[in-house]
Amino acid sequence: MSDLSLAPDTAAALLRWYVDQGLDEAIGEEAIDRFALPPPAAAATASVTPMAAPAATAAAPTPIRPASPPPQRAPIPLESPQLVEDACEVARRATNVAELEAAVRAFEGCALKRTAKNTVFADGVVGAPVMIVGEAPGADEDRLGKPFVGVSGQLMDRMFDAIGMSRERDLYITNILFWRPPGNRTPTLAEQAICLAFTRRHIELAKPKLVVLAGGTAVKAVLDTTEGITRLRGKWATLRLDDGSEVPALPTFHPAYLLRTPASKRQSWWDLLSVDKKLKELGAK
Ligand code: URA
């Protein structure tokens, strides 16, 4: 076996790189060298079979072909617009939130699912007056399978508590993405578009009185705008859904941003007061 030992500095740098890529937990006692070649005998039988060479060309190199034809058609590339259509179609078929959750959990068309530990669908009360839509699960959410359970989620809980609302009673919480992007990288537009098909249906089925969009990425995706969060925050927009319904939506800063920039909490407090006022106007508080 080859010697895989690394100098301590190199090993530390490699571990740091793994963590940056989102590989932040060991799941086995023994490391598996996935680059190691299989033993020769296994290699010959694993996936290829030598073809019988015609007598006249017996000395020519032996071509190889697959042992059996591929059983199904090639998978659709994970950046294909077809996947967005598939997601829209699957989402449309769900007639309630439980069916939509099952459909999201069964959906294999988003590349992020391959690297995530859990599908993070929602938390809180289905049918609550306020639906919060954030960006994407982080490491804590990925591990626990619930949105906004890390430090930024805890700040969000305290903020809503200040206007007498909690996820146990009056909030329903989700993200535009159901799977953690590896290393918290920015999701591609294709990944966002696929998940957004489900998220838009999620809002239709959960029927909140209003939606709070937390952070620029959620705002851009859900309101389909290129305008930045600094311009849009605190201004009510109307979210038009595919079933013809309309919901008031308030863009606000992401709690992770507030942790980095505490001075902006003042503006978020105004946003919370605006939510409180809107709920009262709508007779939902
Ligand atoms: N940030 C988000 O946008 N969503 C979560 O669930 C956690 C952190």
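The structure displayed is predicted, hence computed values, not measured ones. One-based numbering, in listed order, for ligands and for the atoms of each. Along the sequence shown, the residues carry numbers beginning at 1.
When every heavy atom of Val90 is checked against every heavy atom of Ala103, the shortest pair comes out as CG1-CB, 3.6 Å.
Within a 6.0 Å sphere centred on NZ of Lys146, heavy atoms belonging to other residues, nucleotides or ligands number 12 at most.
The protein atom (non-hydrogen) at minimum distance from atom 1 (N) of ligand 1 is His254 NE2, 3.2 Å. Ranking protein heavy atoms by distance to atom 4 (N) of ligand 1, first place goes to Asn175 OD1, 2.8 Å.
By the criterion of a heavy-atom distance under 4.0 Å, both the backbone and the side chain of Glu135 are placed next to ligand 1. Contacts between Ser152 and ligand 1 below 4.0 angstrom, taking non-hydrogen atoms only, involve the side chain exclusively.
Looking at Asp86 and Gln82, their side chains do bring a donor and an acceptor atom within 3.5 Å of each other.
Within the structure, ligand 1 lacks Gly150 among the residues with a heavy atom less than 4.0 angstrom away.
Ion pair Glu227/Lys235 not flagged as a salt bridge, since none of the NZ, NE, NH1 or NH2 atoms sits closer than 4.0 Å to an Asp/Glu carboxylate oxygen. Residues Arg143 and Asp140 are paired through a salt bridge, judged by an N-O separation under 4.0 Å between the basic side chain and the carboxylate. Of the charged side-chain nitrogens involved, none lies within less than 4.0 Å of a carboxylate oxygen, so that Arg200 and Glu204 do not count as a salt-bridged pair.
Nearest to atom 8 (C) of ligand 1 by heavy-atom distance, out of Pro137, Ala256, Ala136, is Ala136.
Interface of Pro147 with ligand 1, defined as ligand atoms under 4.0 Å from a residue heavy atom, comprises 6 (O).
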